[in-house]
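Following: one structure in structure tokens, then a few remarks.
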There are 2 protein chains.
Amino acid sequence: MSKRLPKYILLKNELLSRIESGKLSPGSQVPSENEIAEQFSLSRQTVRQAFSELERQGLLERVQGKGTFVRHAAVRAEAMQPRTIGIVTTYISDYIFPHIVRGAEAELRSRGYRLLLASTDNDKEKEMECLRLMLSEPLSGLIIEPTKSAEGNPNLPFYLSMQSKNLPFLMINERYRELEVPCLRVDDEQGGLTAARYLIKQGHRRIVGFFKTDDLQGVNRLKGFMHAHREAGIPLDPEHVVTYTTSQKSELPVKKLRELLASTDRPTALFAYNDALAVPLLNTAREMGVSVPGELSIVGFDDSALALAAGVPLTTLTHPKEELGREAARRLIAMIENEAGAPSEDTGEFLYVPKLIERDSASPLKR
Amino acid sequence: MSKRLPKYILLKNELLSRIESGKLSPGSQVPSENEIAEQFSLSRQTVRQAFSELERQGLLERVQGKGTFVRHAAVRAEAMQPRTIGIVTTYISDYIFPHIVRGAEAELRSRGYRLLLASTDNDKEKEMECLRLMLSEPLSGLIIEPTKSAEGNPNLPFYLSMQSKNLPFLMINERYRELEVPCLRVDDEQGGLTAARYLIKQGHRRIVGFFKTDDLQGVNRLKGFMHAHREAGIPLDPEHVVTYTTSQKSELPVKKLRELLASTDRPTALFAYNDALAVPLLNTAREMGVSVPGELSIVGFDDSALALAAGVPLTTLTHPKEELGREAARRLIAMIENEAGAPSEDTGEFLYVPKLIERDSASPLKR
DNA sequence: AGAATGAAGTTGTACATACATTTAAGATAA
DNA sequence: TTATCTTAAATGTATGTACAACTTCATTCT
């Protein structure tokens with residue numbers, strides 16, 4: 001059952017093992033085609049066929065008139081393969097995303113992988129473009145942050161074809177519900193719950209929440225926020241749930257906050273979808289002469305650099321950021337390198353539980 | 001002088017042009033090896049040699065028993081080549097770098113290039129690792145932000161080999177003095193000059209400057225800062241030039257500022273190397289009960305997101321950020337695509353002049 | 001000493017032949 | 001009709017020969 005392989009393949013394997021074992025050291029000259037042919041009782045053409053493939057793979061270098069040599073990078077090249085991993089995020093420059101990318105990059109680099117980066121600007125058409133570009137050359141795997149995850153997913157065919165090609169990929173921050181893939185994310189609902197519980201425990205009863213609702217993160221944080229009110233038996237004024245979308249940025253929330261603060265029974269506390277929103281809201285309040293946290297307590301989310309830069313250090317919830325990027329890279333590499341081994345296609349979710357960091361922007365309610 | 005090319009190469013070219021012209025459409029079957037051999041009066045072996053190379057290049061697909069076919073992606077593959085560009089930055093996650101990367105990514109994606117990202121953490125060993133990883137597969141070009149540019153450059157051999165291989169690359173933010181390559185950067189000296197002139201014009205005479213001096217940007221900003229004092233005939237107290245290095249972060253500057261503010265003739269204005277430093281300095285001052293800008297005017301640099309998040313909106317100097325990334329990408333693509341055309345290896349510098357943005361953290365000196 | 005020549009050995013190109021393996025389609029048998 | 005077999009044609013493997021082009025080195029000539 002053995003002698004089925006073509007002779008030129010057998011010769012290739014023999015040479016490969018000689019290179020790997022060091023019998024043929026990098027830079028050294030390989031016996032000439034005729035010598036090999038005689039040694040192995042093959043025709044020179046057959047030897048040439050084996051040499052050609054090895055040259056194409058970058059293992060050998062042939063020089064007319066001189067001979068054939070083992071390439072210096074041969075040993076490494078053998079082990080290397082493509083070893084490139086792609087990351088598709090919604091935004092590159094803003095906020096916590098750079099930290100996620102950085103964590104992934106550090107981990108990938110230390111493991112000998114290269115990082116291909118693309119961003120979708122939260123636009124599904126660009127997501128398609130990114131995927132097409134990424135897949136135009138061989139990839140070992142992909143890390144994807146879904147675009148506008150609360151809506152549908154028109155690029156499903158891409159993902160299905162990736163699954164059928166056995167190209168490992170996983171999602172971060174959110175997942176497309178239609179796909180069964182591993183996902184690393186923050187427990188947003190738990191985060192919303194923790195923040196609201198904290199404020200309620202501090203005595204606040206009129207708490208306004210601001211949520212971006214075109215991605216699932218915002219929706220889930222809102223869920224937790226409402227849950228906390230329900231379990232405490234506190235009625236939630238519809239005016240105190242402000243939703244907005246990416247395109248509106250902070251304008252609409254800021255306007256809403258102005259109105260609320262101008263009213264007679266103004267809220268005593270505020271929970272913001274993230275720090276990027278919390279900061280302009282904080283500044284708005286202070287502009288209006290409302291002291292923070294004296295008259296208005298504020299809790300943000302994500303523990304970004306902005307939280308410490310703000311005029312009043314923000315009480316906020318942690319986001320693993322770099323750790324999430326690193327862990328995503330680790331898991332993806334495991335998926336890639338275990339491909340041959342255990343087929344334990346782990347489709348589970350990994351949830352990070354956000355923790356509250358108490359700083360100065362929230363305090364117990366004074367009566 | 002024509003018939004020098006080997007027959008199998010001629011056949012390859014003939015087939016290539018047929019594919020490009022559409023005579024052989026993607027997915028269609030190519031005449032069999034024997035047919036081609038007869039048509040062109042070649043042996044089947046020679047035809048096989050041509051087919052093999054085309055198959056290796058991804059243009060053809062051969063199926064035993066069925067025939068040879070033009071690959072669907074053939075037309076694109078032909079025009080595409082690698083089309084991957086690498087970016088090596090010092091940091092990925094912090095501050096203005098994400099914006100630079102983002103600008104470059106947007107431009108590259110729209111032009112059909114992929115972006116390979118790596119960061120050096122301002123560590124020369126990692127720089128070498130990054131370069132090696134990047135160059136392990138074919139690249140079209142590289143954008144590099146030098147690591148610790150004020151010191152020497154141990155990776156010079158890498159860069160020289162890149163030049164000799166005609167691999168286009170350019171530098172951003174700073175350049176290694178030893179290399180003659182195009183460079184896009186902010187006119188840091190002009191920036192330091194502008195900031196210091198502004199404060200002097202506002203009546204300030206005791207101005208303290210904080211500079212990170214292990215990269216050339218800090219050194220140049222310091223130069224401009226001193227220049228402004230010289231031209232105005234204002235003596236510069238050595239105590240009022242604080243230098244620090246990356247590893248010290250903001251600790252040393254903060255400590256220095258405390259000392260200075262506690263002294264009897266404390267400074268009335270402050271120029272920070274960048275916004276990331278200006279913000280903790282601003283907070284330090286306010287903690288000590290020194291009002292900004294009332295008792296201390298502060299000017300930052302880079303116009304980062306922090307500038308607006310800070311308790312007092314920072315007066316600062318612009319940094320092109322995304323535009324710099326976009327322009328770097330544009331120029332690199334031009335270098336790549338003009339390779340065949342004009343050999344106008346533009347080694348010039350492109351200087352962005354920073355502009356002052358007046359916000360609230362600096363005001364005229366009250367006597 | 002230096003330059004030109006030539007021989008030997010290497011890979012590159014080209015052709016010829018033979019058989020093996022795979023595929024698809026047609027012929028044949030149940 | 002269905003299933004099986006046969007066959008032709010395609011690519012894959014293998015060997016042999018011949019000569020071309022290039023590199024190296026020793027020889028020879030100037």
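Residue numbers start from 1 in every chain, and the chains themselves are labelled A, B, ... in the order their sequence lines are given, proteins ahead of strands.
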Practice task
Please list, chain by chain and in numerical order, all residues satisfying ring pair (Phe, Tyr, Trp, His ring centres under 6.0 Å) with A/F350, sequence neighbours excluded.
Solution key: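 Only A/Y352 meet the ring pair (Phe, Tyr, Trp, His ring centres under 6.0 Å) criterion with A/F350.
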
Handout entry: Listed partners of A/Y8 passing ring pair (Phe, Tyr, Trp, His ring centres under 6.0 Å), at least two apart
Key =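 For A/Y8, no residue satisfies ring pair (Phe, Tyr, Trp, His ring centres under 6.0 Å) once neighbours in sequence are set aside.
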
Practice task
For the pair A/R114 (side chain) and B/M134 (backbone), establish whether a donor and an acceptor sit closer than 3.5 Å, ignoring hydrogens and angles.
Solution key: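 Between the backbone of B/M134 and the side chain of A/R114 there is a qualifying donor-acceptor contact (under 3.5 Å).
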
Exercise for the section: Can you establish whether the number of heavy atoms outside B/Q39 located under 6.0 Å from its atom CD is more than 12? Expected result: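 Result for CD/B/Q39: enclosed.
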
Exercise for the section: Indicate whether the side chain of A/T120 and that of A/T147 have a donor and an acceptor atom separated by less than 3.5 Å. Expected result: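 Yes, a side-chain donor-acceptor pair sits under 3.5 Å.
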
[X] [atom1] - [N] [atom2] separation (whole Å):
{"X": "A/E53", "N": "D/dT13", "atom1": "CD", "atom2": "C1'", "result": "12 Å"}
{"X": "A/E61", "N": "D/dT23", "atom1": "CD", "atom2": "P", "result": "13 Å"}
{"X": "B/L10", "N": "C/dA14", "atom1": "CG", "atom2": "C1'", "result": "13 Å"}
{"X": "B/L11", "N": "C/dT13", "atom1": "CG", "atom2": "C1'", "result": "14 Å"}
{"X": "A/L42", "N": "D/dG16", "atom1": "CG", "atom2": "C1'", "result": "13 Å"}

Practice task
Ignoring backbone atoms, establish whether B/T46 has a side-chain N or O less than 4.0 Å from OP1 or OP2 of C/dA14.
Solution key: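 For C/dA14, neither OP1 nor OP2 has a side-chain N or O of B/T46 closer than 4.0 Å.
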
Handout entry: Base versus backbone protein contacts along nucleotides 7-12 of chain C [heavy-atom cut-off under 4.0 Å; B, S, -]
Key = --BBBB

Practice task
Record whether the side chain of B/Q45 comes under 3.5 Å of the base of C/dT13 through a donor-acceptor pair of N or O atoms.
Solution key: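 Check fails, no donor-acceptor contact within cut-off.
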
Handout entry: Sub-4.5 Å side-chain heavy-atom contact between A/L11 and A/V47
Key =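 Side-chain contact under 4.5 Å: yes.
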
